[in-house]
Protein chains: 2
Amino acid sequence: MLSEERIEYYRNLGLKITPQRLAILEYLEKHFTAHPTAEDIYRYVKERFPSMSFATVYNTLEALKERGLVKELYIEEGKKRFDLNVQPHHHFYCTSCGRLIDLHEGVKVEISERFKNKLNILEIRVFFLGICDRCQG
Amino acid sequence: MLSEERIEYYRNLGLKITPQRLAILEYLEKHFTAHPTAEDIYRYVKERFPSMSFATVYNTLEALKERGLVKELYIEEGKKRFDLNVQPHHHFYCTSCGRLIDLHEGVKVEISERFKNKLNILEIRVFFLGICDRCQG
DNA sequence: GTGTTTGCAAAGAATTTGCAACGAA
DNA sequence: TTCGTTGCAAATTCTTTGCAAACAC
């Protein structure tokens with residue numbers, strides 16, 4: 001359940017707040033680090049809104065993306081994942097279970113002066129592949 | 001045109017060398033850093049083999065992947081790109097022109113002990129987004 | 001009331017699969 | 001000869017689009 005302030009926040013960004021959008025936003029806020037696919041969101045929201053269609057999921061996510069509220073990710077699969085966390089951060093992907101883990105600190109990237117001068121780097125994403133703690137031994 | 005040694009190398013990996021596969025391998029070797037999509041490869045090879053189908057492109061790439069000769073990449077789009085360069089390296093993606101540039105050196109990643117202990121990291125991929133030299137100014 | 005959103009169905013893009021004919025070794 | 005490959009077409013998966021009815025504001 002989103003607070004009135006939260007709803008107002010989204011409304012002030014120019015989003016018309018429909019019940020469907022509320023449900024999608026609730027899902028995203030509740031599963032902040034889950035990197036859901038459109039399918040994940042659809043399945044969840046469909047329970048409360050049986051008439052919900054994929055078009056609405058994609059429309060809403062597109063509207064959120066335009067306002068900088070979500071980021072699209074393509075991770076080792078031919079489908080989008082949506083990340084409500086738009087703060088720069090990195091990801092660890094478990095090749096065993098497919099889990100995607102956010103890494104906010106403990107990662108530092110150094111770049112040579114040559115690249116810094118040649119390329120205008122706006123964002124750095126580090127993607128780790130390996131076996132997560134749960135899948136080990 | 002692939003050399004006999006090169007062809008023998010592929011054959012020794014258990015690949016049956018058909019003319020179609022030769023054309024695909026030639027394309028990949030000639031465009032080593034191009035990160036082509038299946039479509040790119042298809043278009044090129046179709047010129048010499050008008051009967052070429054996407055199924056053959058995908059089949060061949062799958063066979064190459066199984067032998068560790070290509071890597072699949074998903075970069076900011078819902079389609080695969082194929083990288084013949086399987087040596088660990090990083091990528092710069094130009095958000096202006098879509099060009100993907102290989103970075104082999106000048107990039108260093110430091111990880112905290114905590115992550116190193118918790119997660120079994122097998123591969124690190126750094127993905128830079130920004131404006132490439134050609135698109136600046 | 002106005003303009004946006006919803007949701008259906010259809011279209012589109014990328015990839016995969018089934019299978020008969022073919023061809024490399 | 002044998003078994004893997006080719007290539008067509010159909011199926012699948014994911015995403016987008018057109019449009020009339022519904023709804024937020």
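Computed from a predicted structure; not experimentally measured. Naming convention: chains lettered A, B, ... in sequence-line order (proteins, then strands); numbering from 1 in each chain.
An OP1 or OP2 oxygen of D:dG4 is reached within less than 4.0 angstrom by no side-chain nitrogen or oxygen of B:Thr18. For the pair A:Lys80 and D:dT16, the criterion of a side-chain N or O lying under 4.0 Å from OP1 or OP2 is met. Between B:Arg21 and D:dT6 there is a side-chain N or O to OP1 or OP2 distance below 4.0 Å. Between B:Thr56 and D:dG7, a side-chain N or O to OP1/OP2 separation shorter than 4.0 Å is present. Distances shorter than 4.0 Å separate none of the side-chain N or O atoms of A:Lys16 from OP1 or OP2 on D:dC25. Under 4.0 angstrom from either OP1 or OP2 of C:dG23 there lies no side-chain N or O belonging to B:Gln20.
Distance CZ (A:Arg43) to P (D:dT13): 13 Å, rounded to an integer number of Å. If you measure from atom CD1 of A:Ile17 to atom P of C:dT5, you get 10 Å, rounded to the nearest angstrom. When the C1' atom of D:dT5 is taken as reference, atom CZ of B:Arg67 falls 12 Å away, rounded to whole Å. We find that NZ of B:Lys65 is positioned 12 Å from P of C:dT15, with the value rounded to whole Å. In this structure, A:Leu61 places its CG atom 14 Å from C1' of D:dC14, rounding to the nearest Å. Rounded to whole Å, atom P of C:dA10 lies 17 Å from atom CZ of A:Phe54. In this structure, A:Ile41 atom CD1 and D:dT15 atom P are separated by 10 Å, rounded to whole Å. Between B:Glu8 atom CD and C:dA24 atom P the separation is 15 Å, expressed in whole Å.
Nearest heavy atoms, A:Tyr10 versus A:Glu29: OH-OE2, 2.5 Å. Nearest approach of B:Arg99 to B:Asp133, heavy atoms of both residues: NH2-OD1, 2.9 Å. Taking each heavy atom of B:Leu61 and B:Val70 in turn, the nearest pair found is O-CG2, 3.8 Å.
Among the atoms of the strands shown, only primed sugar atoms or phosphate atoms (P, OP1, OP2) are found under 4.0 Å from some heavy atom of A:Ser51. A:Pro50 comes within 4.0 angstrom of no nucleic acid atom, judged by non-hydrogen atoms across all strands.
A chain of hydrophobic side-chain contacts below 4.5 Å, direct or via other Ile, Leu, Val, Met, Phe, Trp or Tyr residues, connects A:Leu84 to A:Tyr42. Residues A:Leu103 and B:Ile121 share a single hydrophobic cluster, defined by chaining ILVMFWY side chains whose heavy atoms lie under 4.5 Å apart.
Annotation: salt bridge (Lys or Arg N to Asp or Glu O under 4.0 Å) contacts of B:Arg43 (sequence neighbours excluded): B:Glu39, B:Asp40.
Judged purely by distance below 3.5 Å, without hydrogens or angles, the side chains of B:His90 and B:His104 never pair a donor atom with an acceptor atom. The closest side-chain donor-acceptor pair between A:His35 and A:Asn85, if any, does not fall under 3.5 angstrom.
Ranking C:dT6, D:dT6, D:dG7 by closeness to the B:Thr60 side chain, first place goes to D:dT6.
A residue-by-residue look at B:Leu15 and B:Tyr74 shows that B:Tyr74 has its nearest nucleotide of DNA chain C further toward the 5' end. Heavy-atom distances to DNA chain C give each of A:Pro19 and B:Gly78 a nearest nucleotide, and the one nearer the 5′ end belongs to A:Pro19.
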Nucleotides 17-19 of chain C: which of its N/O atoms have a protein N/O under 3.5 Å away?
none

(request) Tell me, with the steps shown, if B:Arg125 and B:Glu123 meet salt bridge (Lys or Arg N to Asp or Glu O under 4.0 Å). (result) CA-CA 7 Å; B:Arg125 298 185 194 167; B:Glu123 190 177 336; 2.8 Å; yes

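Rounded to 10 degrees, the angle between the two end axes of the helix from C:dG1-D:dC25 to C:dA25-D:dT1 is 40°, with five pairs used at each end.
Relative orientation of the B:Phe82 and B:Tyr58 rings is perpendicular, given thresholds of 30° and 60° on the angle between their planes.
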